[in-house]
Protein chains: 2
Amino acid sequence: MATVSRVINKNEYVNKETEQKVIVAMQELHYEPSSLARGLAGKKMNTIALMIPDISNPFFPGLARGVEDVAQQYDFNVFLCNSDDLAYKEKSYLEILRKKSIDGLIIISNNVNEEELEPLRMANIPVVLLDRPFNEQNYSVVRSNNRNGAIMAVEHLLAIGCKKIAHIAGPEKFVTARERRLGYEGIVSQYSWYTPSLIEHANFDIEGGKQAVTKLVANNTDIDGIFAGNDLMALGALKQLIKLGKNVPDDIALCGFDGISLTELTQPEITTIQQPIYEMGAAAALTLIKKLKGEITETKIQELDVKLIIRGSTEKGKKLPLAT
Amino acid sequence: MATVSRVINKNEYVNKETEQKVIVAMQELHYEPSSLARGLAGKKMNTIALMIPDISNPFFPGLARGVEDVAQQYDFNVFLCNSDDLAYKEKSYLEILRKKSIDGLIIISNNVNEEELEPLRMANIPVVLLDRPFNEQNYSVVRSNNRNGAIMAVEHLLAIGCKKIAHIAGPEKFVTARERRLGYEGIVSQYSWYTPSLIEHANFDIEGGKQAVTKLVANNTDIDGIFAGNDLMALGALKQLIKLGKNVPDDIALCGFDGISLTELTQPEITTIQQPIYEMGAAAALTLIKKLKGEITETKIQELDVKLIIRGSTEKGKKLPLAT
DNA sequence: ACGTTTTCTGTAACCGGTTACACATGAGGG
DNA sequence: CCCTCATGTGTAACCGGTTACAGAAAACGT
């Protein structure tokens, strides 16, 4: 028994011959060591968990892919938890994860706070905050440069000649939404046309984008540019703008944020600030796994750069193929 | 110790008073039973796995939601496995699932066959096939009525006056793709205009839809209707049709299959055959959990009905708002 | 040749639960 | 009053691994 265990873990003296015999026997008997028993005996389970808030926003599956690929590469499994951004689901998952003895956690969440992660810290389970850090001191963080991205978006809209730019902001409880709004405000507050009513808050989804556009257009008859806080809202915004008979980009130009592939699908295609989605997931997974292996101990912040992708929704004056 | 275990499992004589004392003590000590130890001692882990082929096709997250919600309701956890439709990933997951002692599996796959599931059968782990059954004899199956849906789609295209209808078929290895193609062929083969070149095979994704349209339009100058084998392909098809300067629906009408919400986002919106996505996931989870509880033992096939959702892409002659 | 060190393997305790079994207690029946 | 049975609790074996420890055999140094 002990020798078999040593063969499997290859970390102690085992005679080559015996090792071969064990390996052959394992194959013949189709022996598969039980993760449960190993875990119980104090070994790592080689499983990390990834908690995402919304599986139907393609941004998060995109992150998940990055996490999964890296995990797979290092022989880790990923336990995917979809929290729907609901605090109670997140709490319940955190409990479950502890009971199941996962080795580490990558979490994207606004509802969770330090206190709730305390039990994990006690159990020595490392945590990496992805995309939405609630605390950059005590945890390793992977996120993109949201404020910069917002600035790039607004400056681009100004560069193409927009004279009055509105912002569809995500919920204030999201750091990402706040950062993007701050980036927007930083630029536009210098202009005389700016009024706070140019900011409309909405949920980070298609419906939110639609509703925000309706309000913005009703309250500000002369806006000619919209910076949406994420791509789903930009999609909804575009849909609604068309419905209201606005020409995009000639009447109103539109820029999103995230870089999900759906923005290439619309007519016109949507200009957006592209985050390195896959890479963010991969970086988070790599950081977590290195922590698990003890290769790094200190917490670190990884801020990835975003990129402006110019498409039809901000190319004024260009002749586009007609949709109808 | 034994008494505590009895309190937790509430299945044997325990004095009310003692029970209370145990419960209080558990709270005071923040005691959380270890799933690992329970699993090792032969108990269920209350975890089921869901294997999906493509997390970026919204259809599958939709199924996942259904599965998750029902699982949660019955206090089960879901281990989500994204196989990318790759046989080796699926195989590797099947091994892992066995080692981790999950209780049951819901699988959406073409690559897996009976032989590969044999170890699960030996380990007495029930399996439910979802969406893409490779065998309807030995496993419980949840799927929708694909052939009927295809027939409905084609008949709708005929009803609005299409004189030559093409089909973008998914890969033949998918049962769903085959069934839909058969439904299409069943109807159109009665017509004199039908030729096999009206069927173009493509991958079940946006890019596939684009490519197929390019070929179809090149080979058949007079098609005026397209039935796409799934919505992602329909999205790609629409995009490409517009690029080629075709008016949808007046030049070419378009119908998809699945009923993902993205079809409402385009201009024009896409007519589609709606599957009860969430319900399919929920039904699969319910079946699996009932099997786990021993409430059902026989295998059963659940075929859910689909529904035609008529939208702009098949409403000929209607004035639509302009996109540009 | 003999003591020391290295290599190798087996025994047994342990991880944290479940459960068969033994045993104690009190209630009910004749 | 004694026997039986239902109720309640503790003991110990077990699930399937890991690993500290002990001890055997082989290699090495002098």
Side-chain angles (χ1 to χ4, degrees), chain A residues 1-47 75-77 94-104 119-120 122-125 292-294, chain B residues 1-47 75-77 94-104 119-120 122-125 292-294:
Chain A
M1 268 183 53
T3 302
V4 173
S5 179
R6 285 190 275 257
V7 169
I8 291 172
N9 295 301
K10 18 180 157 286
N11 50 7
E12 263 175 289
Y13 300 126
V14 176
N15 188 310
K16 290 275 171 222
E17 271 180 53
T18 338
E19 183 174 355
Q20 271 312 310
K21 278 197 241 167
V22 169
I23 290 173
V24 170
M26 289 203 302
Q27 283 171 347
E28 277 177 5
L29 299 170
H30 298 288
Y31 169 78
E32 302 268 1
S34 147
S35 285
L36 259 52
R38 308 188 74 199
L40 185 57
K43 278 283 184 186
K44 296 283 173 201
M45 293 282 287
N46 266 33
T47 304
D75 228 20
F76 275 78
N77 309 123
L94 289 180
E95 261 184 48
I96 291 163
L97 296 177
R98 245 177 45 249
K99 284 195 224 170
K100 300 234 164 167
S101 330
I102 55 132
D103 304 327
L120 296 190
M122 299 288 290
N124 218 354
I125 297 174
L292 286 171
K293 294 192 166 187
Chain B
M1 270 182 51
T3 303
V4 172
S5 179
R6 285 182 199 112
V7 169
I8 291 172
N9 295 300
K10 18 181 155 286
N11 49 8
E12 261 174 291
Y13 301 125
V14 176
N15 187 311
K16 291 275 172 221
E17 272 179 53
T18 340
E19 183 174 354
Q20 271 312 309
K21 277 196 243 168
V22 170
I23 289 173
V24 169
M26 289 202 302
Q27 283 171 347
E28 278 177 3
L29 300 170
H30 298 288
Y31 169 79
E32 302 269 1
S34 147
S35 284
L36 259 51
R38 308 187 75 197
L40 186 57
K43 279 284 184 185
K44 295 285 175 199
M45 294 282 287
N46 266 32
T47 304
D75 227 21
F76 276 79
N77 309 123
L94 289 180
E95 261 185 48
I96 291 162
L97 296 176
R98 246 174 46 248
K99 285 196 226 173
K100 300 233 164 167
S101 332
I102 55 131
D103 303 329
L120 296 190
M122 299 289 289
N124 219 353
I125 298 174
L292 286 171
K293 294 192 165 186

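Note on naming: letters A, B, ... go to the chains in the order of the sequence lines (proteins, then strands), and numbering restarts at 1 for each one. All values below come from the heavy atoms of this structure, side chains included, with hydrogens, waters and symmetry mates left out.
- Relative to the side chain of B:Ala41, the nucleotides C:dG16, C:dA20, C:dG10 differ in distance, and C:dG16 lies closest.
- In this structure a side-chain-to-backbone donor-acceptor pair under 3.5 Å is missing from B:Asp103 to B:Lys44.
- With distances taken from any side-chain atom of A:Leu40 to the nucleotides D:dT11, D:dG16, D:dT19, the minimum falls on D:dG16.
- In this structure, A:Lys43 and A:Asn9 have side chains that are in contact, with non-hydrogen atoms separated by less than 4.5 Å.
- Side chains of A:Asn46 and A:Arg38: a donor-acceptor N/O pair is absent below 3.5 angstrom, by distance only.
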Close N or O pairs between protein and nucleotides 6-8 of chain C (under 3.5 Å):
from	atom 1	to	atom 2	distance (Å)
C:dT7	OP2	A:Tyr13	OH	2.5

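- One can place CD of B:Glu12 at 12 Å from P of D:dT7, the figure rounded to the nearest angstrom.
- B:Glu17 has its CD atom 13 Å from the P atom of C:dG26, to the nearest Å.
- Distance B:Arg6 CZ to D:dT11 C1': 10 Å, rounded to the nearest Å.
- Protein atom CZ of B:Arg98 is 15 Å distant from nucleotide atom C1' of D:dG16, rounded to whole Å.
- Atom CD of B:Glu19 and atom P of D:dG8 are 10 Å apart (whole Å).
- Looking only at distances, a side-chain donor or acceptor of B:Asn15 sits under 3.5 Å from a matching main-chain atom of B:Glu17.
- With values rounded to the nearest 0.5 angstrom, B:Asn77 atom CG is found 9.0 Å from B:Met45 atom CE.
- Shown here for A:Glu12 and A:Arg6, the closest heavy-atom pair between the two residues is CB-CD, 3.8 Å.
- In this structure, B:Gly42 and A:Thr3 both approach DNA chain D, and ranking their closest nucleotides by distance from the 5' end singles out B:Gly42.
- When the nucleotides D:dG17, C:dG16, C:dT11 are ranked by their closest atom to the side chain of B:Ala37, C:dG16 comes out on top.
- At the phosphate of C:dT19, OP1 or OP2 sits under 4.0 Å from a side-chain N or O atom of B:Lys43.
- Rounded to whole angstrom, the span from the CE atom of A:Met26 across to the P atom of D:dG17 amounts to 11 Å.
- The side chain to side chain contact (heavy atoms under 4.5 Å, CB included) test with B:Leu97 is passed by exactly one of B:Thr47, B:Ile102, B:Ile125: B:Ile102.
- Per the geometry, CE belonging to A:Met1 stands 12 Å off P belonging to D:dT19, to the nearest Å.
- For A:Ser5, the side-chain atoms get nearest to D:dT19 when compared with the rest of C:dG10, C:dG17, D:dT19.
- Between the CG atom of B:Leu36 and the C1' atom of C:dT18 there is a distance of 15 Å, rounded to whole Å.
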